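The analysis underlying the following values was restricted to heavy atoms, covering all of them including side chains, and did not include hydrogens, waters or symmetry mates. Bear in mind that the values here come from a model prediction, so they are computed numbers and not experimental data. Letters A, B, ... are given to chains in the order of the sequence lines, protein chains preceding strands, and every chain is numbered from 1.
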Number of protein chains: 2
Amino acid sequence: MTARQAFACTKPVDDLLDPALFKALGDPTRIKLLSCIIKCGRPCSVGEIAACCAVDLSVVSRHLAVLARAGLAESSKSGRTVRYGARHAHLCQTLRALADAVEECVPSRLAACEGGCCGC
Amino acid sequence: MTARQAFACTKPVDDLLDPALFKALGDPTRIKLLSCIIKCGRPCSVGEIAACCAVDLSVVSRHLAVLARAGLAESSKSGRTVRYGARHAHLCQTLRALADAVEECVPSRLAACEGGCCGC
DNA sequence: TGCGTACTTGTGCCATGATGCAAATATAGC
DNA sequence: GCTATATTTGCATCATGGCACAAGTACGCA
């Protein structure tokens, strides 16, 4: 298979390799916050999370919003406080699906496929 | 567990959530190139890969170097041509390890742990 | 209704990074 | 050695994004 053919061939890995998702994971501060709520297990308020690191609370608020928009966290509001919790199950599922999609493309499997598995 | 405790508590997920890795995956053009060499299965030359997309060859060269530096691809030089291939196995392993590390932090497991699993 | 708390949003600044073009480097073939 | 090809690197430009501070919004409470 030529590179051009591979480029044009649509496979599950194309949809799962989402730049928007990885962009959300690409900032050190944001990763620290995500790691924090992942490890905490329960939803935490913005102020509580902000107390953990050096950056301004407004920055934390924005970072958490980004994580939520990327599907990595979810927010729930009760009164004045907004709590963010990690979407453990969704995250695991996404990662494993991507791993499976990549594994589907290992040379040995593609050779067995002989170009007949997809319409490319 | 408070957010501060979770933040301070070191778990496998901390090392596996590597911002540098995700930063490499966070650009649309770079993702297209990575997807291409993942699906192709075999190592492709820079020029061959560059022929697939609209950006300049120099840009492709830089992107592939970034992917290699992040451990997502590997390069091999033979004569004048440099070929880049996806590191399928390494990528799958990394993703699955991360999924496992996240799963280790789901609320039900943390509750069962009762704070005794780690030194935090 | 007024006040304090919790968070979000607006704004300006600065660093990073993606891009194209041109020049440089590496190497094969003559 | 000379030339053509394959790739990398230098450089200028431009867009994006992270940050702090300040202002705004939402809401509980007296």
By nearest-heavy-atom nucleotide on DNA chain C, the more 5' of A/V60 and B/T29 is A/V60
How do A/E48 and A/R80 order along DNA chain C: which one's closest nucleotide is nearer the 5' end? A/R80
Can you tell me whether the side chain of A/S58 and the base of D/dC19 have a donor-acceptor pair closer than 3.5 Å? no
If I take atom [atom1] in residue [X] and atom [atom2] in nucleotide [N], what distance separates them, rounded to the nearest angstrom?
X	N	atom1	atom2	value
A/L67	C/dC7	CG	C1'	16 Å
A/R69	C/dT9	CZ	C1'	12 Å
A/K77	C/dC7	NZ	P	10 Å
B/K32	C/dA18	NZ	P	14 Å
B/L33	D/dT7	CG	P	14 Å
B/L64	D/dT7	CG	P	10 Å
A/R62	D/dG24	CZ	P	15 Å
A/D27	C/dG17	CG	P	11 Å

For B/R96, is there an ion pair with B/E103 - N to carboxylate O distance below 4.0 angstrom? no
Would you call B/E48-B/R42 a salt bridge at under 4.0 Å N-O? yes
Would you classify B/R30 as touching base, sugar-phosphate or nothing, given that sugar-phosphate means primed atoms plus P, OP1 and OP2, and contacts are heavy atoms under 4.0 Å? sugar-phosphate
For D/dA6, does either OP1 or OP2 sit under 4.0 Å from a side-chain N or O belonging to B/Y84? no
Close side-chain approach of B/H88 to B/I38, heavy-atom, < 4.5 Å: yes
Of the listed nucleotides ([options]), which one gets closest to any side-chain atom of [X]?
X	options	result
A/K23	D/dA6, C/dT27, D/dG17	D/dG17
B/D56	C/dG20, C/dC7, D/dA20	C/dG20
A/V82	C/dT19, C/dC7, C/dT27	C/dC7
B/S61	D/dT7, D/dC27, C/dG17	D/dT7
B/V59	C/dC7, D/dA20, C/dT19	C/dT19
B/H63	C/dT27, C/dA18, C/dG20	C/dA18
A/V46	C/dC7, D/dA26, D/dG18	C/dC7

Quick one: which residue pairs count as a side chain to side chain donor-acceptor pair (under 3.5 Å) with a foot in residues 56-85 of chain B, not counting sequence neighbours? B/R30-B/H63, B/D56-B/S58
Select from B/L57 and A/V55 the residue whose nearest nucleotide in DNA chain D is closer to the 5' end of that strand. B/L57
Hey, what do you get for NZ (A/K23) to CG (A/D18), rounding to the nearest 0.5 Å? 10.0 Å
Residue from A/L67, A/T29, A/V66, A/L64 passing side chain to side chain contact (heavy atoms under 4.5 Å, CB included) with A/L34: A/L67
